[in-house]
Amino acid sequence: MTEHFQAVLQRRINRRSFLKKSALATSVAFVPSLPLSAIVNAPQQNTVTETFNFSEITHGIGDELVVAAGYEHNVLIRWGDPLFSDAPDFDINSQTPFSQEQQFGYNNDYIGYLALPSKSDSQRALLCVNHEYSLPKMMFPDIHSERDLTLNHVNIEQSSVGNSIVEIQKIDRDWKVVVGSKFNRRITARTTQIEFSGPAKGHPRMQTKTDTSGVLVTGTLMNCAGGMTPWGTYLTCEENFNNVFTGSLSKDHAEYAPYERYGVNQREEGWGRLDPRFNIEATTNEPNRFGWVVEIDPLAPDEKPIKRTALGRFKHEGAESVIAPSGQLVVYMGDDAANEYLYKFVSRDVVDTKNKANNRELLDHGTLYVARFSDSGGLDWLPLEYGKAPLTPTNGFHSQADVVINARMAADLLKATPLDRPEDVVPHSHTGRVYVLLTNNTKRKQEDIDAVNPRANNQFGQIVEIAEANDDFAATEGTWDMLVVAGDPNKAEVGAKWNSNISENGWFACPDNGVVDQKGRLWVSTDQGDVAYQTGTNDGLWGLETEGGNRGKGKMFLRCPEGAEATGPMFSDDGTSLFVAVQHPGAGSRASGKDSLHDPINRWPDNEKGVPPKPSIVVVQKHDGTEIG
């Protein structure tokens, strides 16, 4: 019989003494956190100081972007805005693949920030932006269903996704795009040449008729979250790559079982209906060439991006990195699908903080681990290494290339813990903690619940906090606690767990992206999808307390327009500017109860010229120019 979740947490109160001792060992002092059981049952502590000083906004449904009082927000760049001085003006009725590759891409997600040398009266930086996926019915006025798409439409879609690198400059308090900057760049699914490195490079399963060596691939796609390395490169993550492939393989084909495991096989809709490169019957190995973490040097626009295969192939949400006490780099990664796993990669070599050229192959050599959580609060990191049982030829693994290409299947054999859609994973370099954002999992059954996944048919998600042994991010074991169990705490049937001081607007559902700001505070954005029908509020951004008496208390800072989600929150280095990606605005009508976010609201009603609401990057600043929050 499954033990009750609250009982498990209560049993683990004593374990917090370990976390307190490890916290005192860190170089940065902080107040030890409390177990969730103590938080839920704690008396009101109105004297506890909050770390977030803004005035909270309210839940709600609406067409406008709303931020806390005392702040302003401005659109920095939108889909179709020019990146180059000779880029054509955006015309929704005359789009071409070429024009799209000269313009800011579609459905922006992750934002990386890289400061550039600046004069005293200005700031300069590069934004590294993911463009996750296309929504044809939002992009093309001349279609009514995806069956109306032509190859030209598909080529435009392929040119609209991938990445944009954009130089921005702040003079006084105004951020502007530097059109024509030597750093501005589009990286797309249609034309960009990308190298492979690591164990899978050149493997027969990576070879195609157009790349018989298996070392070069055209494009990156479905780029969701990501990360910036300590040496200033940009990690962009390929997530739902299976969605663009069509076709079927027979059961006796060697790739049949792997493609079933990755959701590639037996698909009718996708680019492959019109483009043979994405039809597995025509180009069988092409899916093996996607689902990777891609490293890009924003300061070297002439260099090819590199798909780092040592980090494994799955539906990567993000790749946030941190330097371990040993100097090794640790990259945390979630596989964003129901009942999938949490991974981390530990480099073999140490980071060279003085010469980034010496880090060029750092992500090619190291150990890929997958997490196993125990109900008693323990955590083990299991190495995915070829030759160590069960990852042997007996089970279909003939090299480390097979292990990383079939990382999900390797993790299955190691009996890793299936999780409720691990999205962003945020290491906190000051405290040694790691925050795992589990967004939801409606596929979890009652018989499959456990302490780290405490609800069946989980529609609202939770956030798990990891403490690595000895505060060492490279450790192979640690402990975990629940930070919050998300959802409306006023509805007993939801089973939410928050700090008892939570306000009416401080709770949220479906945590998606997270970022730690310059003051060490955690911010969380949400991706509710159709769950917004139940919560009665648009997606947004919350400050979330992680320490002391307010641990587990949220505070609502920003609310998106209807149909949009707030992705990729990122702060400038001085903390005075917050960049937020407003993704797929206007997609679906949550208030009216439509059942799909992929149906435009009344076919773009809020634009007089017949142009849909555009995905955009928004800059939030305080009126007086001081730090956010």
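- Every residue meeting the side-chain contact (heavy atoms from CB on, under 4.5 Å) condition with K415, not counting sequence neighbours, appears here in chain and number order: R372.
- Listed by chain and residue number, nothing satisfies the salt bridge (Lys or Arg N to Asp or Glu O under 4.0 Å) test with E132 (two or more places apart in sequence, or in another chain).
- When the ring-ring contact (aromatic ring centres under 6.0 Å, His included) test is applied to Y369, no partner is found at least two apart in sequence or on another chain.
- A search for ring-ring contact (aromatic ring centres under 6.0 Å, His included) contacts involving F579 returns Y113, W175, not counting sequence neighbours.
- Applying the salt bridge (Lys or Arg N to Asp or Glu O under 4.0 Å) test to residues at least two apart or on different chains, the pairs with a partner in residues 416-427 are D336-R421, D420-R444, R421-E423.
- Between Q528 and the choices N440, D512, T535, the side chain to side chain donor-acceptor pair (under 3.5 Å) rule is met once, by T535.
- By the ring-ring contact (aromatic ring centres under 6.0 Å, His included) test, F508 pairs with W498, W542, sequence neighbours left out.
- In this view, D472 satisfies the salt bridge (Lys or Arg N to Asp or Glu O under 4.0 Å) rule with no residue, not counting sequence neighbours.
- For the ring-ring contact (aromatic ring centres under 6.0 Å, His included) test, no residue two or more places apart in sequence or in another chain qualifies with Y341.
- Residues satisfying the side-chain contact (heavy atoms from CB on, under 4.5 Å) test with T442, not counting sequence neighbours, are N457, Q459.
- With sequence neighbours excluded, the residues that form a salt bridge (Lys or Arg N to Asp or Glu O under 4.0 Å) with E340 are R261, R408.
- Atom CD of Q518 has more than 12 heavy atoms from other residues, nucleotides or ligands within 6.0 Å.
- Between F241 and Y262, the ring planes lie tilted relative to each other; the angle falls in the 30° to 60° range.
- Using a cutoff of 4.0 Å between basic side-chain nitrogens and carboxylate oxygens, R433 and E465 are scored as salt-bridged.
- For the salt bridge (Lys or Arg N to Asp or Glu O under 4.0 Å) test, residues two or more places apart in sequence or in another chain that qualify with E72 are R173.
- Residue E64 places its CD atom among 12 or fewer non-hydrogen atoms of other residues, nucleotides or ligands, all under 6.0 Å distant.
- Evaluation of the side-chain contact (heavy atoms from CB on, under 4.5 Å) rule for V67 yields L65, Y71, H73, L558, V620 as partners, not counting sequence neighbours.
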